[in-house]
Student: 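Starting off with a structure, shown below.
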Amino acid sequence: MAPPPSSSYIITVFLLLSLLSHIAFTSSNPNTITLPLSPLLIKPHSSDSDPFHSLKFAASASLTRAHHLKHRNNNSPSVATTPAYPKSYGGYSIDLNLGTPPQTSPFVLDTGSSLVWFPCTSRYLCSHCNFPNIDTTKIPTFIPKNSSTAKLLGCRNPKCGYIFGSDVQFRCPQCKPESQNCSLTCPAYIIQYGLGSTAGFLLLDNLNFPGKTVPQFLVGCSILSIRQPSGIAGFGRGQESLPSQMNLKRFSYCLVSHRFDDTPQSSDLVLQISSTGDTKTNGLSYTPFRSNPSTNNPAFKEYYYLTLRKVIVGGKDVKIPYTFLEPGSDGNGGTIVDSGSTFTFMERPVYNLVAQEFVKQLEKNYSRAEDAETQSGLSPCFNISGVKTVTFPELTFKFKGGAKMTQPLQNYFSLVGDAEVVCLTVVSDGGAGPPKTTGPAIILGNYQQQNFYIEYDLENERFGFGPRSCRRKA
Ligand SMILES: *[C@@H]1O[C@H](CO)[C@@H](O)[C@H](O)[C@H]1NC(C)=O
Ligand SMILES: *[C@@H]1O[C@H](CO)[C@@H](O)[C@H](O)[C@H]1NC(C)=O
Ligand SMILES: *[C@@H]1O[C@H](CO)[C@@H](O)[C@H](O)[C@H]1NC(C)=O
Ligand SMILES: *[C@@H]1O[C@H](CO)[C@@H](O)[C@H](O)[C@H]1NC(C)=O
């Protein structure tokens, strides 16, 4: 038999279905904090037997998320046409311990936002939060009065400025400018997430890790949320994010595959506290982070922009117009990496080019499964019924500096239904209307980060990645 072409995967259907090997990856460096990171499973209707539902749900959730990231701080309700799902599904969760004595709360790891907030007080109200597997009467909440170190944030505290800007008079409207003695608290916050939102007041409290306490950590105590059943740990670039407040030098994670029906597995989130200079981690390729040139939209400053140079399908460069690959002076365009998005999003013209290349290379050998496309919300889908060995083009993202991210097949083609059909797990929006980019044109979602070791090297302003099996030792 001829050797397989290097630009494609030849894999048996059995292997496609099989689980990953159990290779452990842990760190024992004393300058790091390691936390378990667990995938939040996508289970839209546990009683529902429709095999397409999980993928459809994940596709919709990915689109809702993309709309949110792209349209943040725009006043138009631009997300009205996408279904309402919590962004938490299809994400990854960590537990953090706040307060004295420590109270443990779960948080969705989110590199696309910056505030760390949690459901708070015994009167926490979550509206439209009746998702499967969530009992709204049992959402764990933080009780500030049980913590001897919890304090309300004062409006003059510089940390209030992280959220409300540097104008003290704006933050403390009732205080006389000359008064040194203003006991007003920082204003209440309201955060919009697509169709969901959360609101509350800002607290300072101890953030506790084994062997390390971060005093006066700024955290949002939400008392009212819509469609947000869990707290969110903002790992974005804003001053209020966990990495900024802890002055982390790096953080890294390895995302175990979140097969939609799998039993929960966890992997590690590693927080690097002290400098390691410009040491590169073994086995990782690096590409520099870039900043968005626009000052119009503060949200763009919170995102981790990368410079994607090429998308390669089966050895063939997909010719993506430059305007999508680089953020322009208006801030639109470019690529971000986001832990809170499930499937990678591509602006319609980019998506069409990539999808067409897959179709071109695959349609000779497999028939399109159009019914599956309608039912799953993903496209293109192919019928692999009766095929013992499927051959698929390789998908590679090539970044500035030459770093190449070659995707494992299960990261970009997912089996759906009764395993006769595979669909491309990349999403795009409606497509009708003039091609106008708002916000990032490409959002690298967590599905395409599975089984990579991913490092955000903040000290050296670069993004590192390398293939890795992410499961921890049982
Ligand atoms: C808070 O304290 C009260 C009274 O001491 C106790 O009943 C309750 O369980 C505590 N709640 C939490 C979340 O620790
Ligand atoms: C601060 O204000 C409180 C009440 O508004 C007042 O009783 C107190 O004397 C003030 N302290 C100073 C140092 O001005
Ligand atoms: C796939 O193709 C086979 C025959 O080639 C057909 O019987 C089956 O219904 C197709 N499945 C789907 C989901 O289209
Ligand atoms: C399609 O099938 C032909 C012949 O069976 C094979 O040579 C080729 O590699 C296949 N291409 C893909 C993309 O599966």
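Fair warning: this is a prediction, and the values are worked out from it, not measured in the lab. Remember, it's 1-based here, ligands and their atoms both numbered in the order they're listed.
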Student: How would you list, by chain and number, every residue that makes a side chain to side chain contact (heavy atoms under 4.5 Å, CB included) with T121, sequence neighbours excluded?
Tutor: R123, P144, F201, C221, I223
Student: Examine F142 together with Y124 and report whether their ring centres are nearer than 6.0 Å.
Tutor: no
Student: Evaluate the pair C155, C172 and indicate whether the two SG atoms are within a distance below 2.5 Å.
Tutor: yes
Student: Show the distances, to 0.1 Å, for all pairs joining an N/O atom of ligand 1 and a protein N/O atom that are shorter than 3.5 Å, listing one pair per line.
Tutor:
from: ligand 1; atom 1: 2 (O); to: N146; atom 2: OD1; distance (Å): 2.9
from: ligand 1; atom 1: 2 (O); to: N146; atom 2: ND2; distance (Å): 2.4
from: ligand 1; atom 1: 11 (N); to: N146; atom 2: ND2; distance (Å): 2.7
from: ligand 1; atom 1: 14 (O); to: N146; atom 2: ND2; distance (Å): 3.1

Student: By number and element, which atoms of ligand 3 are closer than 4.0 Å to a non-hydrogen atom of V421?
Tutor: 13 (C)
Student: Would you mind running through ligand 3 and noting each atom that sits below 4.0 Å from a heavy atom of N383?
Tutor: 1 (C), 2 (O), 3 (C), 8 (C), 10 (C), 11 (N), 12 (C), 14 (O)
Student: For C160, which of V168, L218, L153 qualifies under side-chain contact (heavy atoms from CB on, under 4.5 Å)?
Tutor: L153
Student: Can you list the residues that meet the ring pair (Phe, Tyr, Trp, His ring centres under 6.0 Å) rule with Y162, with sequence neighbours excluded?
Tutor: none
Student: Do F413 and F358 have ring centroids that are under 6.0 Å from one another?
Tutor: yes
Student: Name all residues meeting the side chain to side chain contact (heavy atoms under 4.5 Å, CB included) criterion together with L207; count only those two or more places apart in sequence or in a different chain, and write none if there are none.
Tutor: L96, L98, F209, V214, F217, L242, M246
